[in-house]
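First the structure, then my questions, so here it is.
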Amino acid sequence: MASLFQTYLQLGFFHIFNLQAYDHLVFLLALCAPYVLADWRRVVALVTSFTLGHSLTLALATLQVVGYSPGLIEKLIPITILLTCTVNLVRARRAEPRLGRVSRPEPVVLALPNLLAMGFGLIHGLGFSSYLRELLGQQSRPVLELLAFNVGVELGQLLIVSLILLLGLLLLRGFGVHRRDWLLVVSGAAMGIALVLLVG
């Protein structure tokens, strides 16, 4: 049982880094772009909101409680990226170019980005479940495998988010990049990739 858990833990962890699943990486990049290391509380709340959403649909779809169209999900995932980038661009317009401070502070938990992340997580969870169901084959109640895979995905996401925040810290403090410029460039690049995924 321990080896089975470890196997699916690793599968979940490495799936988030799989180039075939790079749309999830792009989403995480867009999701965290407005924040710096000092905003770690907001980032934790944001990622937790996303986790709650995708954990729910990952479980329901893997256990075959809900059905969905994989083709539709493939189109909806880039739309979540586009909408996240749009929110980022609105934030950038309100931010000071140098200090990158938003004029009105937002709450940590009950914030619009968190609600959007949770909603988008529902869609991404269905995307994760497609891969997991292929691995499981005909198993109808893979509770242990589901738990291990989900934990693996979360560990992978935490690592990715940490790397994004560290990269931002390096560019903003080490190279003097303005926070607003970082947000605009990252969001613009993510938006471009999402458009390619959407029309591809």
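Below, each value reflects all heavy atoms present in this structure, side chains not excepted, and no hydrogens, waters or symmetry copies. This structure is a prediction, so every number in the text was calculated from the model and none was measured.
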Can you tell me how the ring of Phe17 sits relative to the ring of Phe13, calling it parallel under 30°, perpendicular over 60° and tilted otherwise?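 Judged by the thresholds at 30° and 60°, the geometry between Phe17 and Phe13 is tilted.
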
Among Ile193, Ile123, Ile81, which residue meets the side chain to side chain contact (heavy atoms under 4.5 Å, CB included) test with Phe27?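 So, applying the side chain to side chain contact (heavy atoms under 4.5 Å, CB included) to Phe27 and each of Ile193, Ile123, Ile81, only Ile81 qualifies.
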
Nearest 0.5 angstrom please: Leu63 CG to Leu58 CG, how far?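 Taking CG in Leu63 and CG in Leu58, the distance rounds to 8.5 Å.
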
After noting the C-alpha distance and the side-chain angles of Arg179 and Asp39, does the key distance pass the salt bridge (charged side-chain N to carboxylate O under 4.0 Å, His left out) rule? CA-CA 13 Å; Arg179 186 169 173 179; Asp39 301 318; 2.7 Å; yes

Do Leu83 and Leu116 pass the side-chain contact (heavy atoms from CB on, under 4.5 Å) test, and can you show the C-alpha distance, the side-chain angles, and the key distance before you say yes or no? CA-CA 9 Å; Leu83 292 175; Leu116 289 174; over 6 Å; no

Examine distances only and state if a side-chain atom of Trp182 and a backbone atom of Val177 form a donor-acceptor pair shorter than 3.5 Å.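 Not confirmed, Trp182 side chain does not pair with Val177 backbone.
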
Within this structure, what is the CG-CG distance for the pair Leu60 and Leu146, rounded to the nearest 0.5 Å?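 Separation between the atoms: 9.5 Å.
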
Decide whether Val196 and Leu198 are clustered together by the hydrophobic rule: side chain heavy atoms of Ile, Leu, Val, Met, Phe, Trp, Tyr closer than 4.5 Å, transitively.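 Different clusters: Val196 never reaches Leu198 through Ile, Leu, Val, Met, Phe, Trp or Tyr contacts under 4.5 Å.
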
Ignoring hydrogens, what is the shortest heavy-atom contact between Leu89 and Ser187? Give both atom names and the distance.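 Looking at all heavy atoms of both residues, the closest pair is CD2-CB, 4.1 Å.
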
Would you say Leu165 ends up clustered with Val44 if hydrophobic residues are merged whenever their side chains have heavy atoms under 4.5 Å apart, either directly or through other cluster members?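 No, Val44 and Leu165 fall in different hydrophobic clusters.
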
What's the shortest heavy-atom distance between Ala45 and Asn114, and which atoms?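 Scanning both residues completely, I find the closest heavy atoms to be CB-ND2, 3.9 Å.
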
Do Leu132 and Tyr8 have side chains that get closer than 4.5 Å, going by heavy atoms?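 A side-chain contact under 4.5 Å exists here.
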
Find out whether Ile77 and Phe120 are in side-chain contact, i.e. whether some heavy atom of one side chain is under 4.5 Å from a heavy atom of the other.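 Side-chain contact under 4.5 Å: no.
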
Given side chains that start at C-beta, do those of Thr7 and Phe149 come closer than 4.5 Å, heavy atoms only?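 Thr7 vs Phe149: side chains apart.
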
If you compare all heavy atoms of Thr57 against all heavy atoms of Gly125, which two are closest, and at what distance to 0.1 Å?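 Closest approach of Thr57 to Gly125, heavy atoms only: OG1-CA, 3.3 Å.
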
Any side-chain heavy-atom pair from Phe128 and Ile16 closer than 4.5 angstrom?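 They are in side-chain contact.
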
Is it true that Gln10 and His15 share a donor-acceptor pair across their side chains at a distance under 3.5 Å?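 Short answer, no.
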
With the side chain counted from C-beta on, respond yes when Leu115 and Ser49 share a heavy-atom pair under 4.5 Å apart, and no when they do not.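 No. Closest side-chain heavy atoms not under 4.5 Å.
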
Closest non-hydrogen atom pair between Ala30 and Asn88, with its separation: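 So the minimum-distance heavy-atom pair works out to O-ND2, 2.7 Å.
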
Interatomic distance, Ser3 atom OG to Leu9 atom CG [nearest 0.5 angstrom]: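 These two atoms lie 12.5 Å from each other.
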
Shortest non-hydrogen contact from Leu37 toward Leu166: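 Leu37 and Leu166 have their closest heavy atoms at CD2-CD2, 4.5 Å.
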
List for me each residue that meets side chain to side chain contact (heavy atoms under 4.5 Å, CB included) alongside Tyr68, sequence neighbours excluded, and say none if there are none.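 Side chain to side chain contact (heavy atoms under 4.5 Å, CB included) check on Tyr68 returns Ala61, Pro70, Ile73, Leu126, Ser129, Ser130, Arg133.
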
Same cluster or not: are Leu147 and Leu52 linked, directly or through other Ile, Leu, Val, Met, Phe, Trp or Tyr residues, by side-chain heavy atoms under 4.5 angstrom apart?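 In one cluster with Leu147: Leu52, no.
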
Transitive ILVMFWY side-chain link Val87 to Leu195, under 4.5 Å: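 As far as the 4.5 Å side-chain criterion goes, Leu195 and Val87 are connected within one cluster.
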
Enter the distance from Ser55:OG to Met118:CE here, rounded to the nearest 0.5 Å.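 Nearest 0.5 Å value for the OG-CE distance: 10.5 Å.
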
Going hydrophobic residue to hydrophobic residue with side-chain gaps under 4.5 angstrom, can you get from Ile164 over to Trp40?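 Result: no, two separate clusters.
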
Could you measure the distance from the CZ atom of Arg93 to the CG atom of Leu184? Nearest 0.5 Å is fine.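 Going from CZ on Arg93 over to CG on Leu184, the span is 11.0 Å.
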
Using 0.5 Å steps for rounding, measure from the CG atom of Leu56 to the OG1 atom of Thr51.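 So the gap between those two atoms works out to 12.5 Å.
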
Hey, does Met191 have a side-chain heavy atom less than 4.5 Å from the side chain of Thr86?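 Yes, at least one pair of side-chain atoms sits under 4.5 Å.
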
Please examine the side chains of His54 and Gln157, heavy atoms only from C-beta on, and report whether any two atoms are closer than 4.5 Å.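 Side-chain contact under 4.5 Å: yes.
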
Could you check if a side-chain atom of Leu163 sits within less than 4.5 angstrom of a side-chain atom of Leu167, using non-hydrogen atoms only?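 With C-beta onward as the side chain, the pair stays apart.
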
Determine the minimum heavy-atom distance between Cys32 and Val43, stating which atoms define it.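 Heavy atoms only, the tightest pair is SG-CG1, 4.4 Å.
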
